[in-house]
Amino acid sequence: MNCSRSCLIRLLSLLLLALFSEVAAAQGLSSSVTGSVRDSASQQPVAFATVVLWPKGALAGPPAASASTDAQGRFTLAVAPGTFRLQVSLVGYATHQQQVVVAEPVALALIWLVPAPQQLGEAVVVGTRPLVEVQPDRLVYHASQDVGNAGGTGQDVLRHTPLLAVDNLGSVTLRGSGNFKVLINNKPAPALTQNLAQALKSLPADQILRVEVVTTPSAKNDGEGTAGLVNIVLKKATGPALNGRLGASGGNQSSETTAALGWKRGKVGSTLAVGAGGWREPDFLTRRRLDFTSTGPADTLTQSGRRQNTGTWYNASLGLDYDLAAHHSFSLLAVLSGYQAQGQRALLSQLSSANAAVNQLFTRATTDYVGSLGTELTGTYTRTFARARREWSVLGQYAATAGTAGYGFDQYTNSRAPLNPAQADYRERSQGRTPSRELTAQTDFTQPLGAKSTLEVGTKAIFRRTGSVAEVAGSAPGQALGLAPLPGRGTSFSYQQQVQAAYASYATAPGKQLTATLGARLERTADEADFGAGGGSLPPRSYYSPLPSASLRYAFSDTSSLRLAYSRRITRPSIDFLNPFVDRSNPQNITYGNPTLAAELTDAYEASYATGMRTATLLLTGAVRHTGRAIEAVRLPTSTPGVTAQTFANVAATTYYQLTLYGTAKFTQRWEVSGGPNAQYVVFLSPDRELLRRGFSAGMNVDTSYHFTRKLTAQASLAAALPAPTLQGQGSASLYYTLGVKKTVFGDQADLVLNLANPFTDSFPNRSSLATAFLDERTEYRTYQRSLRLSFNYRFGQEDPARPHKKASNDDLKSR
């Protein structure tokens with residue numbers, strides 16, 4: 001701990017030194033003009049806009065300076081003092097002009113580009129940016145423009161997002177890997193760590209503005225997950241008077257109601273968003289497993305069952321922005337979110353063996369449940385300066401999550417169907433809690449070094465406490481109706497973790513066409529675990545992780561560029577992987593976590609080429625991602641015939657070779673298409689298991705929309721993926737497609753949307769396999785996917801662009 005404190009003191013000293021130092025690096029030209037450009041409708045940065053400074057009164061001839069905005073919509077122009085006309089333009093927007101007087105470095109107020117109306121024959125269609133934007137370091141999916149998302153959930157949005165895939169179980173992968181992190185407004189959401197598939201169902205699609213997919217983040221983006229990060233940006237309303245939106249949707253599988261209000265007056269602005277809803281989805285499971293011995297097959301296990309899943313969710317957020325004085329601002333954000341889900345399942349299990357003594361036939365009527373209640377409070381102070389691009393911020397965040405999970409079943413031996421509960425010959429009940437608390441402190445400082453270079457430094461500390469408390473009770477032989485605690489089946493596991501980090505990132509543009517970023521991050525992790533009375537503990541341990549990163553971008557033109565990037569990232573196991581509680585709800589395959597897991601370190605190399613024209617963009621990306629001690633699910637034999645165990649271990653080195661092609665095209669003023677394929681070749685090498693596996697997988701996302709008029713739009717989307725190899729088997733394929741129609745009504749104040757999901761197939765089989773020296777298993781899982789959903793959204797008041805809140809990004813934990 002003394003070492004960590006001294007390291008932090010030295011790093012804070014570096015930050016303070018940068019804060020009070022000015023670097024006189026502006027050579028040649030004595031002043032500069034800096035600014036930022038945003039879309040007035042979506043409030044998001046506008047990349048690749050052309051910014052030109054014309055000498056006062058000049059109508060022709062060379063400009064005084066010109067540049068293109070970067071991925072965050074920022075620009076810098078180096079000029080001599082004088083009076084100029086600033087012009088900002090981009091296809092699809094009205095040109096912005098204003099006068100600028102330069103005597104010393106000038107930092108302009110935010111520049112808002114307004115989407116420009118375009119004439120389409122007899123119909124007028126408002127020009128919008130493409131559904132998917134290819135930016136230098138990320139893909140941006142504008143979810144609010146996708147008709148197919150109306151009335152849906154976060155799962156629906158991620159299904160439509162490029163490079164992502166969501167299977168029928170709700171599992172999300174980024175370019176074939178589940179080792180990535182999901183952020184909300186650039187900050188962690190603790191409920192997502194508990195159960196991502198369930199938590200996404202509690203996030204209304206109508207609250208999502210856009211989704212950003214970043215595969216090689218910089219050193220400033222800490223713990224982003226080994227495959228990259230996915231940042232979900234929510235809508236925010238604020239204006240000079242009360243304004244907001246109301247929404248409701250209903251269908252055969254889900255329903256929801258949402259509302260958002262915004263208000264701003266003088267130096268104070270506030271926002272409020274609330275939502276609630278529910279879902280229902282039946283599923284069907286079949287499994288066949290052959291267990292082997294040294295002499296051949298020993299037994300055959302077959303299982304089948306149906307389950308009805310239902311759930312409810314709710315969330316609320318309250319934000320406050322206060323401009324204390326010039327260059328001083330404060331923001332506060334409070335979030336409450338939760339969900340409860342329950343499944344009713346009847347499972348038929350039959351074990352056939354050459355040894356008749358171990359033969360089994362029974363039906364289990366099971367009720368399982370999972371829930372979460374999360375709260376977050378974030379406060380941020382931001383200090384800007386007269387010098388453009390210089391900024392200092394301090395952030396504090398407290399988050400608490402109360403997770404619950406459990407099951408109860410009645411077992412009927414030698415019966416192929418559930419009987420009267422009084423006829424159950426065995427009963428078992430389990431109740432568990434996974435409480436967690438997280439405290440974060442963070443400070444960041446940005447220092448311009450002349451007109452073309454920037455230094456960013458910062459420190460961060462995270463303090464986590466989590467654990468698992470579970471009790472299991474069962475009926476004793478001859479006592480079917482009574483339940484008694486089962487010794488050795490419960491758990492009382494507590495886990496503490498501290499993370500201290502410091503980073504520095506230097507960005508420069510040595511030439512008009514060349515930009516480079518070099519970053520380094522150092523993280524220290526300290527943790528310890530206690531297994532409760534009689535369970536022992538893991539002694540305290542700590543380790544340091546250096547995480548370098550670099551990127552180089554060469555712009556052949558304003559619309560064509562080549563980018564090379566490298567990053568090393570860390571992913572620590574979350575409570576789902578660490579929890580040693582043994583879940584026996586499936587009697588033939590018990591599961592438990594591994595508290596001795598070590599963190600993953602991944603090196604990612606990426607090369608991407610982006611090009612575009614007035615009506616189309618194209619991105620071609622090749623990447624290699626290597627993890628030396630990857631955390632993988634492993635299946636193990638047990639001493640009980642017909643029973644296997646599944647846990648997690650650092651058992652393999654994994655390497656992904658990936659190729660992605662993604663494009664957007666506007667074939668006519670009314671019709672646009674975006675999408676493309678992605679392919680990957682993966683290698684698993686596990687000396688511990690004496691295992692070498694290779695395999696190929698591919699996927700595709702396609703979206704298309706047609707604007708009949710300004711107020712009537714039709715849209716269709718398709719997301720599909722081939723089976724992906726795993727360490728001991730093969731995952732499942734996936735297919736999901738939607739059709740939607742949106743009609744704007746009541747002037748431009750409301751939208752009525754009808755969506756059909758998988759109208760031609762009621763379900764899609766998720767088939768997975770597992771093959772080891774001791775078993776061969778085939779599983780098919782189906783969920784009902786055909787759905788009809790009608791949504792209505794109403795807007796009132798006039799929104800003004802809102803300042804985004806700065807958030808902590810505690811996204812370093814690997815979760816399921």
Side-chain angles (χ1 to χ4, degrees), residues 11-38 45 51 53 65 67 69-81 84 86 98 100-112 186 218-220 266-269 321-332 378-396 441-460 502-509 515 517 519 801-808:
L11 291 166
L12 284 172
S13 301
L14 173 64
L15 187 148
L16 292 174
L17 178 62
L19 177 63
F20 293 108
S21 66
E22 293 286 349
V23 181
Q27 301 293 331
L29 298 172
S30 58
S31 197
S32 64
V33 177
T34 59
S36 182
V37 182
R38 294 198 179 185
V51 185
L53 271 182
T69 56
D70 62 14
Q72 286 73 46
R74 298 174 301 196
F75 65 88
T76 299
L77 302 169
V79 294
F84 304 91
L86 178 76
Q98 69 182 77
V100 178
V101 178
V102 180
E104 56 185 19
V106 176
L108 299 175
L110 281 175
I111 296 173
W112 301 96
N186 287 307
S218 68
K220 186 175 182 179
K267 297 182 177 181
V268 180
D321 294 315
Y322 178 52
D323 295 324
L324 304 171
H327 302 298
H328 299 268
S329 63
F330 176 75
S331 66
L332 189 67
T378 305
T380 306
Y381 166 74
T382 303
R383 169 76 160 95
T384 58
F385 299 84
R387 183 173 185 180
R389 297 185 292 128
R390 192 182 190 202
E391 182 180 288
W392 177 46
S393 65
V394 179
L395 177 146
Q442 178 178 337
T443 183
D444 301 278
F445 176 67
T446 301
Q447 172 69 44
L449 305 178
K452 296 184 177 181
S453 300
T454 303
L455 175 66
E456 294 179 290
V457 295
T459 62
K460 183 175 184 178
Y503 75 90
S505 179
Y506 175 74
T508 184
T515 57
T517 301
R803 178 175 65 241
H805 287 99
K806 185 181 289 289
K807 305 298 179 186

Let's go through T443 and W392 carefully: what are the C-alpha distance in whole Å and the side-chain angles of both, what is the deciding distance for side chain to side chain contact (heavy atoms under 4.5 Å, CB included) to 0.1 Å, and is it a yes or a no? CA-CA 7 Å; T443 183; W392 177 46; 2.9 Å; yes

Once rounded to the nearest 0.5 Å, what's the spacing between atom [atom1] of [X] and atom [atom2] of [Y]?
{"X": "L110", "Y": "S36", "atom1": "CG", "atom2": "OG", "result": "5.5 Å"}
{"X": "R74", "Y": "R38", "atom1": "CZ", "atom2": "CZ", "result": "10.5 Å"}
{"X": "Y503", "Y": "E456", "atom1": "OH", "atom2": "CD", "result": "5.5 Å"}
{"X": "K452", "Y": "S32", "atom1": "NZ", "atom2": "OG", "result": "11.5 Å"}
{"X": "D321", "Y": "T382", "atom1": "CG", "atom2": "OG1", "result": "9.5 Å"}
{"X": "D444", "Y": "S505", "atom1": "CG", "atom2": "OG", "result": "11.0 Å"}

Measuring only between side-chain heavy atoms, which start at C-beta, is [X] closer than 4.5 Å to [Y]?
{"X": "L395", "Y": "T378", "result": "yes"}
{"X": "Q447", "Y": "L449", "result": "yes"}
{"X": "T446", "Y": "T454", "result": "yes"}
{"X": "L77", "Y": "L86", "result": "yes"}

Would I111 and F75 count as a side chain to side chain contact (heavy atoms under 4.5 Å, CB included) here? Give the steps. CA-CA 11 Å; I111 296 173; F75 65 88; 4.1 Å; yes

Give a yes-or-no answer on whether the side chains of S453 and Y506 include a donor-acceptor pair shorter than 3.5 Å. yes

Do R383 and Y381 meet the cation-pi criteria used here (NZ or CZ under 6.0 Å from the six-membered ring centre, within 45° of the axis)? no

Restricting to non-hydrogen atoms, name the atom on G379 and the atom on L332 that form the minimum distance, rounded to 0.1 Å. CA-CD1, 4.0 Å

What closest approach, in Å, do K267 and L324 show between heavy atoms, and which atom pair accounts for it? NZ-O, 3.8 Å

Show, in sequence, the C-alpha distance, side-chain angles and deciding distance for T34 and V106, and conclude whether the side chain to side chain contact (heavy atoms under 4.5 Å, CB included) test is met. CA-CA 6 Å; T34 59; V106 176; over 6 Å; no

Take V33 and L108 through the test side chain to side chain contact (heavy atoms under 4.5 Å, CB included) and record every step on the way to the result. CA-CA 7 Å; V33 177; L108 299 175; 3.7 Å; yes

